[in-house]
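So you know, we letter chains A, B, ... as the sequences are listed, proteins then strands, and number each from 1. It should be emphasised that the depicted structure is a prediction, and the values quoted were computed from it without experimental measurement.
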Amino acid sequence: MPEYTSLEKIRLAKIETLRQEGYEPYPTRAERTHTSLEAVSAFEQAEKQSPAGQPPEVKATLVGRIRATRPMGKLTFAHIEDGTGRIQLFFRLNEIGQERVDFFNQRFDLGDFIQASGTLMRTRTGEVSLLVHDYKMLAKAVSPLPAAKDETLEDGTVVRHAALEDPELRARQRYADLAVNPDVRDTFRRRAATVRALREFLDERGFLEVETPILQPLYGGAAAKPFVTHHNELDQDMYLRISFELYLKRLLVGNLERVYEIGRDFRNEGVSFKHNPEFTQLEFYWAYADYLQVMELTEQMVAAVCRQVTGSPQVTYQGQLLDFTPPWQRMAMCDGILETSGIDIDAHPNADSLREAIVRAGKQADPAATRGKLIDFLLSEFLEPTLVQPTFLYDYPRDISPLAKSKPGDPLTVERFEGYVSGFELCNAFTELNDPLDQEQRFLEMGRDYDADDEQQHPMDKDYLRAMRYGMPPCGGFGLGVDRLVMLLTDKHSIREVLLFPHMRTGED
RNA sequence: GGGCGCGUAGCUCAACGGCAGAGCAGUGGCCUUUUAAGCCAUUGGUUGAGAGUUCGAAUCUCUCCGCGCUCACCA
């Protein structure tokens, strides 16, 4: 049983009183003729058609949550909020009598849901309001909402008072956050619009949306630690997927030429402003395309999505104007690293030599790291922070890209690119390796480069190799962090702000 | 996991070694066009939890819990 606060006890007592009075605080059905938005526009329409000086007669039944009350003795003003916005209710002695005005003031609280019917009108200050003739409670709120009061200044700017701001509380009690912070609702509408726009873009281009297993007997497709679980009846360990890649590429073997999936990945790793243990990923695979074609499709897709969601291919992110209009800047990764760090990775074909160069540049280098990992280090240390405008970095070292195809004539480099925006990685793509014998070698190499107990090593996926042996068309593959794209399109610094229920350590309750 | 910071009323915050406070919300009263309505009165606290130092701890120290920033980790 919860410990009730003094405020909650008062409200519980009101519920008790209502029931004793034969008044049901949680009735089963509600009625509504207009949303608050529809009511205002219906009234404004009617005003235009009615003769000057003649207020129109528009009746409405509205529902919503009480967000503010201003009792003034013989009349009371209240604002209710529904899914479309706010509208003012006007309770007046002349219409409903003192008793009904008092009943509202005594039994209703902020946060309660109410149904009110009456006539729309303008108050003296010109606000379209519902002059209430009848009302009833739809649902009593026991706990007070975390207060949020808006003050509209003369110049139209809205000042928030007593808003719910604590990031922990906001994330743990997202329902309360959503209830009092309308901009949070907008963020998640925008998130839905982003996902919808991605789907439309790919659907229009002949990509088939598919669903592949989340619960897998073997994980793969990325270098990440998986969550492990267990199937009791089969007595079999299973993994939550860390990527969709290996299953989607099996579908190319099956002659599905263009496939995509939008869904959840799970990685058992650190949590940060850009990492959540589960996150939403988009992957697509495109037969007969290479990474250059994927690059072009990517910039078109992101620009189109941005335009559809925000109305413009440009967006302001954390104070910087980002422009997704194609073509994006393209930069060979080795050139970018050379420019920003002064280290020419091509001049250091092995790990020891590269490590020495890094130490000479005054940075610490992991003595156990492979050449690929050292390059990855240079990338994040020097180059990444400089990549603010959308940029494709291309051509990656082979040994950190076990599923990508080598560049013709350059066995150390694979045809891979990553899209960077605002200093972080947004997407990752390559020309897919479709040679089953080469792929088997890569799995074996990865097995050697990592300790046997390092869960980041790519386990050998024999069924995947069997699929590839049936013949896999040459293809380009692509992955994009949907949460990060939503961050960019909603100007949010933290991934937690674009997840309804981000991962939190188990709390006190 | 390391470093730094934060945790005080339902919400937002003050008090920084000397009686734990304000605004909002709540409760009672006044008020027939308000909109953070106003005015008068008033309730509300194990200061995240525990231990220690001290005549005295919200304040200083330690441990723990949670959150934020940051580093590490991370395709």
Side-chain angles (χ1 to χ4, degrees), chain A residues 4-11 13-14 67-79 86-95 98 101 106 109-111 121-127 129 131 141-153 158-172 176 180 221-225 242-243 245 265 267-275 277 279 281 364 366 372-373 375-377 379-380 393 396-397 399-404 414 416-418 424-425 427-430 456 458 479 481 493-494 496 504-509:
Chain A
Y4 289 112
T5 66
S6 59
L7 298 187
E8 288 168 334
K9 284 174 184 157
I10 290 166
R11 293 184 178 208
K14 287 185 185 178
R67 292 308 310 280
T69 57
R70 293 178 290 282
M72 305 187 58
K74 297 188 168 50
L75 70 163
T76 288
F77 294 95
H79 270 101
R86 288 189 180 203
I87 191 165
Q88 182 167 256
L89 302 184
F90 185 12
F91 300 83
R92 194 164 61 173
L93 167 76
N94 311 34
E95 277 69 32
Q98 187 69 56
V101 174
Q106 286 160 9
D109 289 293
L110 298 183
M121 58 165 292
R122 277 190 195 276
T123 58
R124 198 166 286 171
T125 53
E127 179 168 349
S129 308
L131 183 60
V142 172
S143 305
L145 282 173
K149 285 195 151 194
D150 291 343
E151 177 183 17
T152 310
L153 301 179
V158 174
V159 181
R160 290 239 89 188
H161 299 277
L164 175 64
E165 286 172 343
D166 177 20
E168 177 185 354
L169 244 179
R170 288 186 44 235
R172 282 191 194 278
V180 301
K225 295 180 192 128
I242 58 172
S243 85
E245 172 148 3
D265 268 345
R267 296 189 182 175
N268 205 340
E269 289 167 353
V271 178
S272 81
F273 74 94
K274 54 181 176 178
H275 297 274
F279 62 100
Q281 178 98 336
Q364 304 246 325
D366 177 2
K373 285 214 158 192
I375 292 174
D376 207 38
F377 167 78
L379 174 63
S380 49
L393 278 189
Y396 277 64
D399 68 353
I400 55 168
S401 314
L403 303 164
V414 293
R416 170 179 175 184
F417 74 83
E418 291 187 325
F424 63 77
E425 179 196 339
C427 57
N428 176 26
F430 29 89
Q456 278 184 43
H458 279 241
H493 172 66
S494 169
R496 291 187 165 190
M504 295 293 226
R505 228 156 265 188
T506 41
E508 67 292 342
D509 44 36

Between the base of [N] and the side chain of [X], is there any donor-acceptor pair under 3.5 Å?
X: Ser6(A); N: U43(B); answer: no
X: Gln88(A); N: U34(B); answer: yes
X: Arg70(A); N: U34(B); answer: yes

Would you indicate what [X] reaches in the nucleic acid, counting non-hydrogen atoms under 4.0 angstrom: base, sugar-phosphate, or nothing?
X: Glu8(A); value: nothing
X: Tyr396(A); value: nothing
X: Leu110(A); value: sugar-phosphate
X: Leu93(A); value: base
X: Arg11(A); value: nothing
X: Lys14(A); value: sugar-phosphate

Integer angstrom distance from the [atom1] of [N] to that of [M]:
N: U12(B); M: G7(B); atom1: P; result: 13 Å
N: C6(B); M: G38(B); atom1: P; result: 34 Å
N: G29(B); M: U8(B); atom1: P; result: 33 Å

Nucleotide opposite [N] in a Watson-Crick or G-U pair, distances under 3.5 Å:
N: G1(B); answer: C71(B)
N: G7(B); answer: C65(B)
N: G18(B); answer: C55(B)

| request: Report yes if at least one side-chain N or O of Arg92(A) is closer than 4.0 Å to OP1 or OP2 of U34(B); otherwise report no. | output: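 Arg92(A) to U34(B) OP1/OP2: no side-chain N or O under 4.0 Å.
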| message | Tell me the interatomic distance from Leu75(A), atom CG, to C31(B), atom P, rounded to whole angstroms. | response |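 Distance check: Leu75(A) CG to C31(B) P gives 12 Å.
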